[in-house]
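In each ligand, atom 1 is the first atom listed, and ligand 1 is the first ligand listed. Just so it is clear, the model here is predicted, and its values are computed rather than measured.
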Amino acid sequence: MAFPTETVYGLGASIALPEAVARIFTAKGRPPGHPLIVHGADASVLDRYAREVPPLARVLAARFWPGPLTLVLERSGAVPDVVTGGRETVGLRVPAQPLALAMLRDVGAGVAAPSANPFGRTSPTTARHVLADLGDRVDLVLDGGPCGVGLESTILDLTTSPPTVLRTGGLPVDVLEAAAGVALERVATGPARAPGMLAAHYAPRARVVIAEDHDAALAAAAGAGDRRVAILSGSPVAGRPAPIVPLVPDEPGAEGYARALYDLLRRADALGVDLVVAVPPPPGGLGDAIRDRLGRAAADQPG
Ligand code: TXA
Ligand code: MG
């Protein structure tokens with residue numbers, strides 16, 4: 001079953017049904033062994049699914065749940081191997097989405113869910129995206145409308161000292177760090193402890209290149225020859241030649257950009273665009289996670 005969260009749509013199964021969890025991997029084409037996040041209706045997931053709950057986990061849960069933060073902790077015996085890929089840790093999160101919370105209360109057990117997209121592609125932020133990608137492979141899609149945040153959760157590993165940010169996301173790391181009261185370690189691109197950390201991920205079919213400003217974007221677009229080009233940017237690019245497709249979020253700022261990002265990348269594919277020149281928002285706050293996702297989309301070079 002696919003369901004909305006405030007970040008992206010998830011493809012979920014109760015962790016009390018390990019065979020159902022295994023089917024998630026088949027549906028996504030995801031390599032087995034990649035760990036799934038366990039979603040719950042409230043912070044009681046900490047005591048149910050973590051072997052030990054460090055005080056910082058309670059502080060962060062109280063502050064940010066429901067919300068776009070995943071905490072990685074040592075797992076309890078209630079979490080089966082299929083969920084964690086055999087790891088001794090588990091990612092836990094309480095999503096800030098009323099339909100998701102109602103579903104999670106009804107299920108009564110943790111719901112393991114990755115983003116509801118084929119492995120390696122852009123995450124879905126509407127029910128329609130899920131139907132387009134996995135419609136023939138899911139029984140049910142709960143439609144909660146477009147996701148409010150639009151980027152995956154920020155993942156914090158609390159089993160390391162200091163804690164490690166495994167993925168930037170919907171909760172800005174500076175906000176998280178201020179609440180944690182300690183300097184957090186940040187994982188750069190590299191051999192992944194988390195598949196979301198692969199260099200190439202979150203990719204549309206179109207090739208993506210990054211341009212730091214509008215002038216650089218126009219120059220990159222001009223050099224694209226007869227390929228079909230789009231410019232993705234937070235505001236319209238003045239002097240854009242008509243054949244270049246504009247991809248501009250409806251709402252301003254990094255929040256508007258985040259909310260629209262995956263839909264705009266999908267729109268590029270739907271329009272048959274070959275090359276997306278992306279002008280990311282400035283660093284800081286949500287801008288960091290958007291820059292991270294665009295960088296990963298650009299690192300994936302489809303043939
Ligand atoms: O916003 C989100 O987090 C969405 C919604 C549906 O909640 N979920 C999501 O799931 O993005 P997925 O599977 O696409 O990405 C989850 C990331 C993966 O990179 C996975 O490796 C990492 O979380 N992860 C999960 N459990 C982990 C663990 N025990 N240790 C390290 N990384 C873990
Ligand atoms: Mg994903």
Is the shortest N/O to N/O distance between E152 and ligand 1 below 3.5 Å? no
Does the N or O separation between S153 and ligand 1 drop below 3.5 Å for any pair? yes
Does ligand 1 have any atom sitting under 4.0 Å from a heavy atom of T84? no
Side chain, backbone, both or neither: I155 near ligand 1, heavy atoms under 4.0 Å: side chain
Does anything in residues 269-291 pair up under salt bridge (Lys or Arg N to Asp or Glu O under 4.0 Å), and if so which pairs, sequence neighbours excluded? E212-R291
Verify whether one side chain among T122 and R293 offers a donor that lies under 3.5 Å from an acceptor in the other. no
Say whether R75 and ligand 1 are in contact under the criterion: heavy-atom distance to a ligand atom below 4.0 Å. no
Has ligand 1 got any nitrogen or oxygen that is less than 3.5 angstrom from a nitrogen or oxygen of T70? no
K28 N/O to ligand 1 N/O under 3.5 Å: no
When you compare the side chains of E152 and Y262, does any donor N or O come within less than 3.5 Å of an acceptor on the partner? yes
So, is T5 polar-close to ligand 1, with some N/O to N/O distance under 3.5 Å? no
So, regarding H39 and ligand 1 (criterion: nitrogen or oxygen to nitrogen or oxygen, under 3.5 Å), is there a contact or not? yes
Do any heavy atoms of R93 fall under 4.0 Å from ligand 1? yes
